[in-house]
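Throughout, residue positions are numbered sequentially from 1 according to the sequence presented. Keep in mind it's a predicted model, so treat the numbers as computed, not measured.
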Amino acid sequence: MSGSKSSGDVVGGKKHEVAIHWFRNGLRLHDNLCLLQATEQSSTLLPLYIIDPDAPFAQTTGRKAGAIRANFVLESIEEMNTKLSEQSEGKSQMIVLQGKPEEILPEVVKQLGATALFYEREPAAPIRESDAKVLDRIDTKKVKVCGFDTHTLHPMEHYLAQTKDQVAPSTYGVFTKIFNKMSVPEEVPDVSIDENFPPLPLSIGDLTAGKADSKDACQWKCPTLEELGYDPEDLENRFESGIDFVGGEDAAVALLDRMMKRTQWVCTFEKPKTSPNAITVDTTGLSAYVKHGCISPRRFYHELSKVYAKCSASKLSKPPVSLHGQLMWRDYNNLMAYTTPKFDQMLDNPVARQIPWDDDPKILDAWKKGRTGYPYIDAIMTQLKQTGWIHHLARHSAACFLTRGDLWQSWERGAEVFEEELIDADWSINNFNWQWLSCTAHFYQYFRCYSPVAFGKKTDKDGEYIRKWLPQFKDWPTKYIYEPWNAPLAIQQQNGVIIGEDYPHPIVEHKSISKSNMARMKAAYDEHKATVAAASKVKDGPKT
């Protein structure tokens, strides 16, 4: 079910006596087709969220979300529960159960005697694979399963229907031509939690699945961060990026409204011209809300259209750098991930060039913990750890540095770290970006390399970003803030940071290693060309 109509539509006015709405993303009441259909087609409805305590909010199987993203989702669940319970005057609430979805959900269906299951599908492969395990255990002869493709502007299959042989376009330019032939659907009406909102099933008292103690109703409530095994101290600096990334629809809508009031900024927005080392968030800050469905991508798109209508067309920025372009880019990333097998790895990934990366856990750990000896890179990784957010160009710098630029470690390892730590971690976008930045796929100009020194200076010559995130350097002379190893020992002593003792020496020498790595990339590319040529000869066969 990808449009405004689902195959679960009520026939002859008869509603499902017991239905389940399975929440994952889509934690909102506005433009939520899945929830709207569930409320309209059900006499009673169980709003359900399942948390796997072994890997809370995982995208890749078994890879738990970091504390900051986990807390964001918990806040979003809590807000939805408050709306359900208060606006329904206690007739409804979010039922939160802990366990494996493939074990919990079929049992809930059975115990409640549900005849319909509503859920929002996702393009990401591991989520689809996980969903398949769940649905395989549900008797679809007895239960109508209604899935909705509303995580993106358009369902992935709608894009593929516009292509030859249903093969995804290999470039953004071709994708844009397809996108421009389609109209972004309008929003559906908000879900109203009023006297017509379906109450919880009468059989709710029989529900024991996912409860540690079947007699303890509080087991249905949302667990705390600590109860899921996280350390609350990891949240101490979560607001230091200048935007309060509080989970939930209300914060998302309020932030969108604030951004849309900046008419000139919205109309002329060009993402590459924003600052990777701004002290506060220099973009919309909406990525986490879009990822978790607290704001509808369609609402975001249409609100932008309203603002664009106020400006001269000649002055509007254009995709891909405009804000419309960013939402289109998101769909393109999702489409590539949707259609590419093994998208999160190099081996057996048909779009990935095979590059012989090194594998050094100590080097990876130094990068992850912000101990590379390059203050700009270390400030980026510190901000990520403390707030869960970094600017997209900061992500570019950190990714290039870990892979082809300096450390020659696999993009897969970096993607794993970002998937855990980013508050807006999206499996499809994250893996696409790491392939791009490592020149493994999608982008092949490996001779263009982010300098861990010069790039940061372009937008922050005084190093204020470094001083904020690495406070040991707050009083350092600007001359040495990006290259503290060049500072005379007297200056190091005067400012309380001795290189090699209080802060590490550079993990590599950038100028020499980047040149060496370019040679390694050229060799890998040459090998790729030779492999492709050999395969082509075999395919074509001998000439007669």
Side-chain angles (χ1 to χ4, degrees), residues 236-237 240-242 272-282 360 362-387 389-409 414 417 421 437 447-518:
E236 284 183 341
N237 298 309
E240 287 299 312
S241 284
K273 294 184 179 180
T274 54
S275 176
N277 39 21
I279 298 302
T280 58
V281 173
D282 199 28
D360 190 327
K362 290 184 179 179
I363 287 179
L364 178 66
D365 191 62
W367 171 82
K368 179 179 179 179
K369 293 180 178 177
R371 299 288 294 171
T372 69
Y374 284 92
Y376 176 55
I377 299 298
D378 294 343
I380 290 170
M381 298 307 291
T382 300
Q383 181 187 16
L384 172 61
K385 184 67 176 177
Q386 293 188 15
T387 72
W389 188 91
I390 47 178
H391 188 278
H392 88 283
L393 289 177
R395 302 179 197 202
H396 287 199
S397 295
C400 182
F401 186 85
L402 180 68
T403 57
R404 63 183 172 88
D406 294 81
L407 304 184
W408 202 256
Q409 302 299 299
V417 172
E421 301 290 352
L437 269 301
F447 46 85
R448 295 177 60 183
C449 183
Y450 288 88
S451 166
V453 174
F455 187 74
K457 287 182 177 180
K458 289 182 179 180
T459 49
D460 182 24
K461 62 183 178 64
D462 293 328
E464 293 305 315
Y465 178 79
I466 292 172
R467 299 177 200 279
K468 176 179 178 64
W469 296 109
L470 303 181
Q472 64 268 44
F473 289 113
K474 63 183 178 66
D475 296 323
W476 270 60
T478 298
K479 180 179 179 180
Y480 301 112
I481 193 72
Y482 282 90
E483 301 171 279
W485 57 88
N486 287 334
L489 181 59
I491 289 181
Q492 296 181 34
Q493 292 173 331
Q494 178 183 342
N495 289 280
V497 180
I498 306 299
I499 304 304
E501 296 180 11
D502 306 301
Y503 184 74
H505 287 292
I507 195 168
V508 292
E509 200 283 309
H510 171 69
K511 290 184 179 179
S512 60
I513 200 67
S514 60
K515 291 180 181 179
S516 174
N517 286 349
M518 286 180 194

Practice task
Could you grab the distance from atom CD1 of Ile380 to atom OG of Ser397, nearest 0.5 Å is fine?
Solution key: 4.5 Å
What donor-acceptor contacts under 3.5 angstrom involve side-chain atoms of residues 450-458, with partners at least two apart or in another chain?
| from | atom 1 | to | atom 2 | distance (Å) |
| --- | --- | --- | --- | --- |
| Tyr450 | OH | His396 | ND1 | 3.0 |
| Ser451 | OG | Val453 | N | 3.1 |
| Ser451 | OG | Ala454 | N | 2.9 |

Problem - Atom of Tyr376, atom of Asn277 and distance for their closest heavy-atom approach - result: CE1-ND2, 4.0 Å
Handout entry: Nearest heavy atoms of Thr280 and Gly242, plus distance in Å
Key = CG2-CA, 3.9 Å
Practice task
Using a 4.5 Å cut-off on heavy atoms from C-beta on, say whether the side chain of Pro477 contacts that of Ile491.
Solution key: yes
Handout entry: 4.5 Å side-chain heavy-atom contact, Val417 and Lys368
Key = yes
Practice task
Quick one: closest heavy-atom pair of Leu437 and Ala399, and the distance?
Solution key: CB-CB, 3.8 Å
Problem - Gap separating the CD1 atom of Ile377 from the CD1 atom of Ile507, nearest 0.5 angstrom - result: 11.0 Å
Practice task
Taking the side chain as every heavy atom from C-beta outward, state whether Leu489 and Ile498 have any atom pair closer than 4.5 Å.
Solution key: yes
Exercise for the section: Rounded to the nearest 0.5 Å, what's the gap from CE on Met381 to CG on Leu402? Could you check? Expected result: 8.0 Å
Practice task
Can you run down the salt bridge (charged side-chain N to carboxylate O under 4.0 Å, His left out) pairs that involve residues 491-506, sequence neighbours left out, and say none if there aren't any?
Solution key: none
Exercise for the section: For residues Gln409 and Ile363, determine if any side-chain heavy atom of one lies less than 4.5 Å from a side-chain heavy atom of the other. Expected result: yes
Exercise for the section: Compute whether any side-chain donor of one residue and acceptor of the other, for Ser275 and His391, lie under 3.5 angstrom apart. Expected result: no
Handout entry: Separation between CG of Asp462 and OG1 of Thr478, rounded to the nearest 0.5 Å
Key = 4.5 Å
Problem - Shortest non-hydrogen contact between Met518 and Cys449, atoms and distance - result: CE-CB, 3.9 Å
Practice task
Provide the closest heavy-atom pair for Asp460 versus Ile466 in the form atom of the first, atom of the second, distance.
Solution key: OD2-N, 4.4 Å
Problem - Any side-chain heavy-atom pair of Pro484 and Val497 under 4.5 Å - result: no
Exercise for the section: Would you indicate whether the side-chain heavy atoms of Tyr374 and His510 approach each other to under 4.5 Å? Expected result: yes
Exercise for the section: For the residue pair Arg371 and Thr382, confirm or rule out a side-chain donor-acceptor distance under 3.5 Å. Expected result: no
Problem - Note, Leu384 side chain near Trp389 side chain (heavy atom, < 4.5 Å) - result: no
Handout entry: Closest non-hydrogen atom pair between Gly373 and Trp485, with its separation
Key = O-CZ3, 3.3 Å
Practice task
Taking the side chain as every heavy atom from C-beta outward, state whether Arg404 and Asn517 have any pair of such atoms under 4.5 Å apart.
Solution key: no
Handout entry: Atom pair NZ/CD1 of Lys479 and Ile481 - distance to nearest 0.5 Å
Key = 14.0 Å
Problem - Given Tyr503, Tyr465, Tyr482, Trp476, the one that forms side chain to side chain contact (heavy atoms under 4.5 Å, CB included) with Pro375 - result: Tyr503
Practice task
May I have the step-by-step check of side chain to side chain contact (heavy atoms under 4.5 Å, CB included) for Lys385 and Lys369, ending in yes or no?
Solution key: CA-CA 8 Å; Lys385 184 67 176 177; Lys369 293 180 178 177; over 6 Å; no
